[in-house]
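Okay, structure first, notes after.
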Amino acid sequence: MIDILNVNKNYSTKSADITAVDDVSLHIESGEIFGVIGYSGAGKSTLIRLLNGLEEPTSGDITIGDDTINRLSKKDLRQKRQKVSMIFQHFNLLWSRTVEENISFPLEIAGVPKKERKQRAQELIELVGLKGREKNYPSELSGGQKQRVGIARALSNEPTVLLCDEATSALDPETTDEVLELLREIRDEMNLTIVLITHEMHVIRKICDRAAVMQDGKVVETGKVLQLFQNPSHSVTKRFVKDDINDEETTLALDEVRELFPDSKILKIGFVGSKSKTPVVSRVIKQFDLNMNILSGNIKQTNNESYGHLYVAMEIDSETLQKVIDALANDDITVEVEK
Amino acid sequence: MNEFFQAFSDMFSFENVKWDVVWEATVDTIYMTAIATFFTLIIGLVLGIILFLSDKSDNTGSQPVYGVTAFLVNLFRAIPFIILIILLIPFTKAIMGTIMGVQGALPALIIGASPFYARLVEIGLKEIDKGVIEAAESMGANTWTIIWKVLIPESMPALISGITVTAIMLVGSTAIAGVIGAGGLGNLAYMVGFTRNQSDVTLVATIVILIIVFIIQFAGDFLAKAVDKR
Ligand SMILES: Nc1ncnc2c1ncn2[C@@H]1O[C@H](COP(=O)(O)OP(=O)(O)OP(=O)(O)O)[C@@H](O)[C@H]1O
Ligand SMILES: [Mg+2]
């Protein structure tokens, strides 16, 4: 659906030349919710703006569907943008227009007749749950409602791709969840491809199928979301995952535990999905007649599966430990020894 | 002391005031102001939008456009109005056929006020959230659509308060133009009030001008507030 091939974007400023996007290649499937995460200045916004031609790449090609975005004429690009729509962190609604008029705006641009515009706007208002607010101005809405208008507006021309630039970053956690839920529903209903950029790992975790991690303009890691959370390989990814799980406290506690149980081994047991619901661990414990202290545990929900980990301390010799590890590995449960 | 009192009572006697003449002068002033404001609105809006678009655009061709427009705007804004009238005499004669009366005043009024309003328009447009313009671009809007559906509506309160200030300035300019031959209340105050030493006429002219200014200000504030949904 979307192919980004060896794309570079340089900015020359008076003080320095900046490579905002550095040789990025990504492939995004149709119907996928694809996340891009990175810290501030990583080049996420630049990358997403390349996708609808708000920026032109210095080199490389961006293809969406059958069109190479950076080679389209201005006129064709405007045409294409009607099908590659965008929502923004600060909503960017026209304050001079009501909810209904904001949602109709892309249709006006596309030259849709008034009657159809009204009807389509009404459908979308219902879809995003803003019935009764159509005559309100944006200044009369909450942040979450404004973003709903932004989403409805982006959907009005029935796009195939929806680009979200920090769409939930200005919202509180609860509203964020509502908006993410709405995005997922829309994806399922309209078979959209969604590209979403964020600096918040839980946004990736909640709705993305796959994600890319960016640092200094480069994509440093790409993968299925679950895989990124379970086996983050790059240090930036690890940091994001850690921030999301909030490992800080665990680390602190581990130091204390080592003092309390000097002879114990501390194990991190990781499990995924359905396995987290069967009593595999207790079975193995009984089988080897082990004693253990549970130190901390964690389960997180991703868009399709849950995953989590358990920190335990147990007195165990290396030989038994290996057997335990093998037994658990049969059930796809990973064990790491913390030392 | 007595003299002062005399002058004062002369002023309020209104014995020299010919109300039909005052009415005629009022109509002239309103007419000049209205026509000049109308053309200033259009020319200033066009110039302001050109300034705004050519400044922000990274299109290489736009830099000279900005340079030339900004230069002309600054130039005509710097010329004092009274000198502008004199400077424009040949031009006025050529296009209006006269340099006297209401007709003769209009070119100078419009050319004097348009650059001023153009700058106010530019400032108003710069206040628009860039994200909103970008959102319109991301929907596939062309420049024309952006001008009509984003730039003008989103800066409407600033455009209205700008034209209010400009119209009030134009009332003042019509009075100056009046002194050197255009009709209106300025002409009345000068020709009758000053040269014939009839201070009551001057006072009446002043009061009528103040009323016009207050009405413009009130209407402008009201409109600017009514369209502002922020
Ligand atoms: N128009 C521009 N001119 C010059 N440099 C730019 C421009 N736009 C972005 N940059 C630079 O490119 C780099 C990447 O910026 P970008 O906005 O893509 O980061 P980001 O990942 O979206 O960050 P944030 O999370 O803060 O939004 C930054 O160093 C930024 O300063
Ligand atoms: Mg950004």
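The structure presented is a predicted model; accordingly, all values stated were derived computationally and were not measured.
- With contacts defined as side-chain heavy-atom distances shorter than 4.5 Å, the pair A/Ser96/B/Glu154 qualifies.
- Atom CZ of B/Arg77 is surrounded by more than 12 heavy atoms from other residues, nucleotides or ligands within 6.0 Å.
- A donor-acceptor contact shorter than 3.5 Å links the side chain of A/Arg81 to the backbone of B/Glu137.
- Looking at B/Lys229 and A/Glu140, their side chains never come closer than 4.5 Å, going by heavy atoms from C-beta outward.
- Here the CZ-CE distance, from A/Arg153 to B/Met139, works out to 3.5 Å after rounding to the nearest 0.5 Å.
- In the displayed structure, B/Phe81 atom CZ is contacted under 6.0 Å by more than 12 heavy atoms of other residues, nucleotides or ligands.
- At most 12 heavy atoms of other shown residues, nucleotides or ligands fall within 6.0 angstrom of atom CD in A/Glu56.
- Both the backbone and the side chain of A/Leu94 come within contact range of chain B, with heavy atoms under 4.5 Å apart.
- Ranked by non-hydrogen atom pairs under 4.5 Å with chain A, the options B/Ser138, B/Pro153, B/Ala141 are led by B/Ser138.
- When the shell of 6.0 Å around CZ of B/Phe218 is examined, it contains 12 or fewer heavy atoms from other residues, nucleotides or ligands.
- Between chain A and the options B/Ala136, B/Pro157, B/Gly131, the largest number of non-hydrogen pairs under 4.5 Å is found for B/Gly131.
- Heavy atoms of other residues, nucleotides or ligands lying less than 6.0 angstrom from OH of A/Tyr137 number more than 12.
- Looking at heavy atoms from C-beta onward, B/Glu134 lies out of side-chain contact with A/Met86 at the 4.5 angstrom threshold.
- At a 4.5 Å heavy-atom cutoff, the contact between B/Lys149 and chain A is made by backbone and side-chain atoms alike.
- Taking A/Lys75, A/Lys80, A/His90, A/Glu108 one by one and counting their heavy-atom pairs under 4.5 Å with chain B, the maximum is reached by A/Glu108.
- With chain A as partner, the option from B/Val150, B/Ile133, B/Val132 having the largest number of non-hydrogen pairs under 4.5 angstrom is B/Val132.
- Note that the CD1 atom of A/Ile109 and the CD1 atom of B/Ile146 stand 7.5 Å from one another [nearest 0.5 Å].
- When each of B/Ile128, B/Val227, B/Asn142 is checked for heavy-atom pairs under 4.5 Å with chain A, B/Asn142 comes out on top.
- If you measure heavy-atom distances from A/Leu93 to chain B, the contacts under 4.5 Å come from the backbone alone.
- In this structure, A/Glu178 places its CD atom where more than 12 heavy-atom neighbours from other residues, nucleotides or ligands lie under 6.0 Å away.
- Only the side chain of B/Thr145 comes within contact range of chain A, judged by heavy atoms closer than 4.5 Å.
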